[in-house]
Protein chains: 2
Amino acid sequence: MDIKTEQSTEKIILEVAERLFLEKGFAMTSTTEIAKEVGCNQALVHYYFRTKDNLFNTIFEQKFKDFFQWIFEIKSTGELEFLDKLKLIIESHFDLLMNNPKMPALILNELSRKPEQISMLKDKLEAIPVKLFSELNAELQTAIAQGKVRKIDLIDLIVSMITMNVAIFVMMPVVENILSLDESKKKFMIQHRRAENVDFILKSLRP
Amino acid sequence: MDIKTEQSTEKIILEVAERLFLEKGFAMTSTTEIAKEVGCNQALVHYYFRTKDNLFNTIFEQKFKDFFQWIFEIKSTGELEFLDKLKLIIESHFDLLMNNPKMPALILNELSRKPEQISMLKDKLEAIPVKLFSELNAELQTAIAQGKVRKIDLIDLIVSMITMNVAIFVMMPVVENILSLDESKKKFMIQHRRAENVDFILKSLRP
DNA sequence: TTATTATTTAATAGTATTATTAATCGGATG
DNA sequence: CATCCGATTAATAATACTATTAAATAATAA
């Protein structure tokens with residue numbers, strides 16, 4: 001038996017469903033199609049997850065949280081200068097996206113078309129800013145006072161960063177097609193953007 | 001008779017369909033629903049447009065083109081300095097998006113899930129860069145040579161601009177919900193972003 | 001008015017989808 | 001071996017959707 005065949009059918013369904021939902025979105029992915037790709041009966045998908053909604057939520061609730069909680073990972077950057085720390089933050093955010101390149105589009109789609117699901121995130125989200133935001137903000141204000149950074153609100157800075165990092169991945173499927181990029185060119189372009197985003201943001205912060 | 005009732009049924013169908021497609025996407029909008037909102041028989045939608053695909057394409061082919069051809073509108077900026085011209089370009093691009101706030105999401109969705117439609121755009125697109133791109137690039141290089149702008153590739157600059165402008169509108173439905181923004185707060189935030197994007201980009205270009 | 005054409009509707013074929021149910025299969029346990 | 005139970009399937013109900021057709025109605029021209 002194949003090593004990969006060793007997984008339970010339930011796990012395979014989860015994996016296939018995740019891939020298809022990411023590729024084609026919720027509405028365009030049918031449980032029939034999921035079953036076909038898994039190689040099992042369609043009823044089995046419902047046997048394990050009862051409803052399609054359930055299956056979707058099972059997969060993505062955790063992912064959504066992880067995605068919005070990425071900011072918690074920013075610890076142990078210790079005694080770095082604000083700008084060096086910011087560079088790490090931008091890069092780690094970009095890397096998170098790079099490891100889940102299709103998540104932003106899915107989140108933006110599903111959340112804007114099913115606003116119910118947003119409430120689930122709100123709770124998890126409110127906890128984040130208070131602590132870390134104020135810490136980071138203190139560091140930013142210090143850097144500004146020291147003349148190392150131009151005057152800017154932290155929220156604007158964060159929005160700009162998220163904006164630039166997210167956008168490249170949301171736009172990539174279209175850019176990829178229009179410019180007929182192959183896999184290596186695509187990778188190169190993404191790496192280039194990673195550096196360019198850091199550069200662009202840091203340059204914009206010069207006093 | 002009402003002034004607005006004066007329009008032909010065909011036009012009403014087009015308007016309703018456009019609104020629904022923008023709100024809910026292609027897959028989640030049914031011809032039945034369109035007909036219901038128009039207040040006519042569902043068969044009538046097919047009478048005028050034969051297929052749902054046809055209806056969608058009729059509405060959006062032109063819009064897609066307009067969207068990508070926005071760059072053509074940048075004429076008559078005459079003898080402005082490069083940075084002033086760039087400011088106008090950023091703002092006009094932002095305004096185009098502001099007038100069609102739901103288009104970016106639709107374009108990104110439909111194009112990434114139906115790559116066939118992209119070929120239609122490719123042709124229209126290839127004509128654009130050659131002429132305007134080289135002109136703009138010449139101006140950028142001059143500005144760099146004069147020490148007014150840091151060294152940067154025009155393509156990176158354009159990508160950064162499109163990125164920042166598009167992203168805010170793509171992300172707005174989610175942000176709006178998470179932060180519970182009302183209409184006026186939303187408008188304020190968008191206007192703020194308009195200024196912030198210009199500022200951010202221009203600041204990043206300082207030598 | 002009558003004939004002709006355009007618009008609109010009712011009915012329905014055909015298909016796909018979600019979800020449920022009952023039956024079967026195969027392995028574990030006694 | 002018998003049986004018990006989770007895993008799986010076949011069959012199908014229920015629904016929704018696209019598209020077509022034929023009939024009805026309204027508008028127009030002759």
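All chains are named by letter (A, B, ...) in the order of the sequence lines, taking the proteins before the strands, and each is independently numbered beginning at 1.
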Between [X] ([atom1]) and [N] ([atom2]), how many Å, whole number?
X	N	atom1	atom2	answer
Lys24(A)	dA16(C)	NZ	C1'	13 Å
Phe49(A)	dT8(D)	CZ	P	12 Å
Asn54(A)	dT20(C)	CG	C1'	15 Å
Ile34(A)	dA16(C)	CD1	P	17 Å
Gln42(A)	dA14(D)	CD	C1'	13 Å
Asp53(B)	dC17(D)	CG	P	16 Å
Lys36(A)	dT17(C)	NZ	C1'	13 Å
Leu44(B)	dA24(D)	CG	C1'	14 Å

Per Thr51(A) side chain, nearest of listed nucleotides dT9(C), dA19(C), dT18(C): dA19(C)

Establish, with yes or no, whether the OP1 or OP2 oxygen of [N] is under 4.0 angstrom from a side-chain nitrogen or oxygen of [X].
X	N	result
Thr9(B)	dT8(C)	yes
Tyr47(A)	dA19(C)	no
His46(B)	dT18(D)	no

Sugar-phosphate only, base, or nothing, as touched by Ser30(A) at under 4.0 Å among non-hydrogen atoms: sugar-phosphate

Toward the 5' end of DNA chain C, by each residue's nearest nucleotide, Lys52(A) or Asn41(B): Asn41(B)

Phe169(B) six-ring face occupied by Lys102(B) cation (under 6.0 Å, within 45°): no

Geometric cation-pi criterion Lys52(A) and Phe26(A), 6.0 Å radius, 45° cone: yes

Plane angle bin for Phe60(A) and Phe56(A) - parallel if under 30°, tilted between 30 and 60°, otherwise perpendicular: tilted

Over 12 foreign heavy atoms within 6.0 Å of CZ, Arg150(A): yes

Neighbour count above 12 (heavy atom, 6.0 Å) for Lys87(B) NZ: no

